[in-house]
Amino acid sequence: MSQYSFHLFLWTPFLPDRLSLEDECSSLDEMPLMMSEEGFENDESDYQTLPRARVHRRQRSLGCFLMGGWKMFWSSCCDCLVHICRRKKELKARTVWLGCPEKCEEKYPKNAIKNQKYNTFTFVPGVLYQQFKFFLNLYFLVVACSQFVPSLKIGYLYTYWAPLGFVLAVTMVREAIDEVRRYQRDKEMNSQLYSKLTVRAIDPIIENQRIPADMIFLRTSEKTGACFIRTDQLDGETDWKLKIAVGCTQRLPAVSDLFSIAAYVYAQKPHLDIHSFEGNFIREDVDPQVHESLSIENTLWASTVVASGTVIGVVIYTGKETRSVLNTSSAKNKFGLLDMELNRLTKALFLAQVLLSVVMVALQGFVGPWFRNLFRFVVLFSYIIPISLRVNLDMGKAAYGWMIMKDENIPGTVVRTSTIPEELGRLVYLLTDKTGTLTQNEMVFKRLHLGTVSYGTDTMDEIQSHIIRSYAQVTSQPPSGSTSGSTPSRKTQTSGPKVRKSVSSRIHEAVKAIALCHNVTPVYEPRAGGTRETESAEADQDFSDENRTYQASSPDEVELVRWTRSVGLTLVTRDLSSLQLKTPSGQILSFSILQTFPFTSESKRMGIIVREESTGDITFYMKGADVAMATIVQYNDWLEEECGNMAREGLRTLVVAKKSLSEEQYQDFENRYNQAKLSVHDRALKVAAVVESLEREMELLCLTGVEDQLQADVRPTLEQLRNAGIKIWMLTGDKLETATCIAKSSHLVSRNQDIHVFKPVSTRGEAHLELNAFRRKHDCALVISGDSLEVCLRYYEHEFVELACQCPAVVCCRCSPTQKAQIVTLLQQHTANRTCAIGDGGNDVSMIQAADCGIGIEGKEGKQASLAADFSITQFKHIGRLIMVHGRNSYKRSAALGQFVMHRGMIISTMQVLYATIYTMFPVFSLVLDEDVKPDMALLYPELYKDLTKVAGTF
C-alpha cells in the first residue's frame, strides 16, 4: 500500500498537464520520464506515455465504442469459442532419456508437417464459408434462392443459378488443386523428415542431409568433436554455423555405448527464439555424476543441413514444437483490396436498391401484400448488382495471371494465387529480405589500406610480390632454430631501400594477421580409397587448392582467407587447438591457438591469441568494426577518414590490429581469465573486463574492404520503386554493420541521406529516450536491431510505427522470422496501406504469408519461399516490371471493368423502370385522353349520347 501511495504522490504534480490539450500536443522533449530508473521496474503500468499516443488512443477508443463496439464484442465471443474448441496443449520442459523408452511416458506431437487448409469433411463447408462471408456473394445466393418461391419468381431459375454455380465451381476447383498440391508437398517433405521419428530417438545424420527434428548434438565423426551446419532455411543466412558435440558422449569409445549408458537430457520448453537454448546433460552411471550445461552450440535445429561429417543426436522437439514450425505462421486466405471495396460498394447499392423498391411500393399506395411486392421489386432491380460482375472479375484475374506467366521479359514467373493480381498495383510498403534477395552473399576482397598506401583489385600482384620476397629472404638464410617459417627477422630486412623495407614488413604483418585472426576451417575431400580422418593425419597431406574448401560462420572471413591464399599465405589445417599456414615456398608455419574470442553483436570484434611454435612468440590479433576498434588501437590520423571512404563505396570494413605478449603477461591474463569464467555472479561482465585489459594500445596493421555482390540491377530497381512512391524496408537476420553496408551499396539509402542507428535498448526508459532522440531527426533512414525493436513495440508500438513510417527507408537487422511477420502486421494495422513482402528463404515464409502480396524468389536457399508465395520470380529485378506494368494494368482494368458492369446494371434497371412507366403505362394511359368528337359537336347533336344507352355495356 505504501508503494502505491508513493506512485500517487509522484504523479500528482503531472495530473493537470495530462488533462491539458496544449500539453498533450507539446514536445516530447519537455515530457519528464520518472524521477528514478526504479520507477520503471516498480510499476510500468503507471508510466506516463508519450502525449501524441494518448490523444490517438483516446480518439480510437471513443470511435471503437461508438461505431465498432458491437463488432469487437462478437469478435471476442467468437475468439473465445474458437479457443475453447481448439485448446492447444501447453508447452512444457522435458527430460529425455537416452535409450530408455520406458522412462518417457509423455506424449509429444508427431514429426510431420501439415500445411493443408482443409480436410475431406471441411473442404466444401470451408470453401463455401470463405465465399459467402462476403456480402456480394451472399446477396447473389439469397436472390437465387428466392426464385424457388413461386410468388417471388421473376424469371427462369438458370438465369440466377447458372452464373452463381459457375463462380462456385471455378472457386472449388481452384481450391481443390491448391489443396492437392499442398498435400503432395507435405507428403514429400514428411517422407524426408522421418515422420515416424519421436522424442528420445537417437538418429544419425550424414553429410548434406537435412536434420528432421530438433536435436541435441551427441556425437560426430569429426575428430575435433565439432561440425558445421547450414541454416539458410531457418534464419536466411548461408553462412555455416559451428556446432559442438556433448563432451561426455563424444568421448565414448563406440556409438553403441550411447544406448547402454544411464543418461538424460533436460531441455527447456519449446519457444520461438532460434538463437538461444538452455539445458543440461546428466550421466548417472558414473561416480561422480557428469553434469554438462547445454547451450545453442550443442543443438541441431530442424530444417538445417549437415555440412561436414556425420552427426548423431537425440530428438528433443518434434513436429509443431520445433523451432522452424513455431516460427512459421499458418497460411491465410488473401483477398484483394478491390474485392473488399466492391463488397462495401455492394452494400451501398443494396441500400439504394431497397430504397428504390420502397419508393415503387409507395407509389402503389402500400396496398395488398406490399411486403411481397417489395421483395419482388428488390429482385427485379437486382441488375443494379449484377452477378456477372463476379464472373467477369474472376475471368479477368485468370487472364491477368496468364499474361504475367507468358511475359517474356520476366521468364520463370509463376502466379500461385490468382485472386490478388490487382494488389500489385496498390502497394505502398515493400518489405524485402537481404541475403539472397538483394545480395548474392558472395564476398569479393576489394581493398587493403595500410595508412600510407592503399591496394585495390588491380594492384594485388604487388602484395603477392612482397609476400614472396619476404619468405624468400627467410629461406635463403642458413638453417637455424628460427628459420622454419618464422616472421622475417629484422636482420634480413636491413638490405634494400628503407621505404621498401617498411612497406614490405607492414604488408607481411597485415597479411599474416588476416590469415591467423578468424574462425575458418579448411576441409579436404577424401581421396579415392581413403578417408578424411586418415588424410588429415598425414604429414604429406594434399594441399592443392582444388581439393580444399573453407568453412566458417561468416562469408567475410572465408573471403579474407581466400584472399591471403591468393597472395601466397595459405591456411592448410586447423582444429580447436592449432592451425598451420603454408608460405609461397611451400614451408609450413605452425601455430598453437591459446585463446579465441568470438564475434558478438555487443563487442563487434573477434580476437585470437596464438603462439608461433618455431619461435615461441605469443601474439594477440584482433579485428572488428571501426566503431569498436577506434578506441583500442594506437593513435592515428587516417582510420576514421578511410573507413568513411570505403563505407561510401559500399564496402564492408574491418580493422585489423595486433599486440605482442610476453610469457609472463599471457600467464597472468590466463589466470585471471580462467578465474573469471568460474565466477557464479556477473560472469559475462568479469570475463569482458579481463579481455578488455588486453585491448589497449594495440598496433594498427591495416583496414580491409570486402564487397557483398548485389543481385543484377538491384540499384535501378530500387530507384524505380522509390520513384513510384513505394517505401522500402529491409528486414534481415544479419548483423547491424552488414545490413547498413548493404543499405548503402544498394542505394536503399541515398548517398546524401543520414542514417540514424537506433541504440540498443532493454528498458522502457531507454526506449523513451531513444525515441525522443530519433524524433528530432528529419529525412533520415532508420537502422534498428530486433531486440530494440521488440522493446519499442512492447511499450510504444503506435509511436514507433508512426515515426518509422515517416522515414524514407528502414533497416531492421537481427530479425527473427516471427518479427518479420509482426512488422508486416503492424504496418497493415497502423497505416491501412497495402504491403508486399519478398524473400527467398524458409525464414521469409511467415513474412510472405502475412503480407497482402507475397513474392518469393527461387534462389540458393531453396524453393520454400517460392512455393509459399503468391507470386514466384527468378530474379529481384523482375519485381519492377511485375509491379509497374502488370500490377498497374491489372488494377486499372479491374477497376474499369467493375465500374462498367455496375453502370450497365444501373442502366438496365433504369430502363426497366422507364419501360414499366413510359413505354408500358403511358400508351395505355393515353386512352383516358381520347376524344371522339369535340364538345361543341356533342352539344349540337344530343343523339350521340343516346347511342350510349342502346347497349348494355361498353364491351
Side-chain angles (χ1 to χ4, degrees), residues 222-226 467-468 470-493 505 507-524 533-543 548 550 552 557 560-561 564-565 567-597 606-623 656-671 673-674 694 698-699 701:
E222 300 291 311
K223 287 187 175 182
T224 60
I467 297 297
I468 294 174
S470 297
Y471 286 103
Q473 292 174 356
V474 175
T475 56
S476 64
Q477 291 184 348
S480 64
S482 61
T483 59
S484 62
S486 64
T487 303
S489 64
R490 296 185 180 273
K491 185 176 180 180
T492 62
Q493 297 176 4
S505 176
I507 290 176
H508 178 271
E509 288 296 331
V511 174
K512 182 180 177 181
I514 295 173
L516 290 172
C517 188
H518 54 72
N519 283 313
V520 180
T521 302
V523 176
Y524 296 90
E533 290 79 3
T534 58
E535 285 188 350
S536 300
E538 296 295 334
D540 59 345
Q541 184 177 356
D542 182 10
F543 293 142
R548 184 191 308 111
Y550 290 118
E557 290 195 325
L560 290 174
V561 172
T564 60
R565 180 183 64 183
V567 297
L569 200 57
T570 306
L571 174 67
V572 290
T573 60
R574 178 179 181 149
D575 53 31
L576 296 178
S577 60
S578 65
L579 61 81
Q580 291 182 333
L581 303 178
K582 185 175 70 172
T583 66
S585 59
Q587 290 182 326
I588 300 299
L589 310 179
S590 299
F591 298 85
S592 298
I593 301 176
L594 303 180
Q595 299 289 344
T596 302
F597 312 108
M606 69 86 55
I608 186 172
I609 301 178
V610 298
R611 185 200 304 270
E612 192 169 358
E613 294 183 357
S614 60
T615 63
D617 294 338
I618 300 176
T619 309
F620 174 35
Y621 292 102
M622 177 164 284
K623 68 180 179 184
V656 184
K658 77 166 188 175
K659 185 177 184 179
S660 297
L661 302 176
S662 64
E663 188 69 31
E664 293 76 14
Q665 286 177 322
Y666 175 72
Q667 291 299 330
D668 176 65
F669 165 80
E670 185 178 33
N671 293 334
Y673 186 68
N674 291 334
L694 283 183
M698 298 189 70
E699 179 186 352
L701 297 178

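One is the number of the first residue; the rest follow in order along the sequence. When reading the values below, keep in mind they use all heavy atoms of this one structure, side chains included, and skip hydrogens, waters and symmetry mates.
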Does any part of the side chain of H508, heavy atoms only, come nearer than 4.5 Å to the side chain of L569, both counted from C-beta?
no
I'd like to check the side-chain hydrogen bond (donor to acceptor under 3.5 Å, both in side chains) partners of S660; sequence neighbours left out, ordered by chain and number.
none
Could you go through the side chain to side chain contact (heavy atoms under 4.5 Å, CB included) check for E670 and L594 one step at a time?
CA-CA 9 Å; E670 185 178 33; L594 303 180; over 6 Å; no
Which distance, rounded to the nearest 0.5 Å, do you find between the OG1 of T573 and the CD of Q580?
3.5 Å
Quick one: closest heavy-atom pair of G607 and C517, and the distance?
CA-SG, 4.4 Å
For residues K623 and I514, determine if any side-chain heavy atom of one lies less than 4.5 Å from a side-chain heavy atom of the other.
no
Is there a side-chain contact between L694 and L661 (heavy atoms, below 4.5 Å)?
yes
Within this structure, what is the CG-CG distance for the pair L581 and L579, rounded to the nearest 0.5 Å?
6.0 Å
Interatomic distance, CE@M606 vs CE@M622, rounded to 0.5 Å, equals 8.5 Å
If I compare all heavy atoms of L571 with all of H518, which pair ends up nearest, and what's the gap?
CD2-CE1, 3.4 Å
If I compare all heavy atoms of A513 with all of L701, which pair ends up nearest, and what's the gap?
CB-CD1, 3.5 Å
Nearest 0.5 Å, please: how far is CD1 in I608 from CG in N519?
7.0 Å
I618 CD1 to E612 CD distance, which is reported to the nearest 0.5 Å:
11.5 Å
CG of L516 to CD1 of I609, rounded to nearest 0.5 Å, is 13.0 Å
Do F620 and Q595 have side chains that approach each other closer than 4.5 Å (heavy atoms only, starting at C-beta)?
no
Worked verdict on I593 versus R574 for side chain to side chain contact (heavy atoms under 4.5 Å, CB included):
CA-CA 9 Å; I593 301 176; R574 178 179 181 149; 3.8 Å; yes
Where does the angle between the aromatic ring planes of Y666 and F669 fall among parallel (under 30°), tilted (30 to 60°) and perpendicular (over 60°)?
tilted
Would you indicate whether the side-chain heavy atoms of E557 and V561 approach each other to under 4.5 Å?
no
Quick one, F591 with Y621, criterion ring pair (Phe, Tyr, Trp, His ring centres under 6.0 Å). Give me CA distance, side-chain angles, the key distance, then yes/no.
CA-CA 13 Å; F591 298 85; Y621 292 102; 8.2 Å; no
Taking N671 for its side chain and Q667 for its backbone only, find out whether a donor-acceptor pair lies under 3.5 Å.
yes
So do the side chains of K512 and K658 get within less than 4.5 Å of each other, counting heavy atoms only?
no
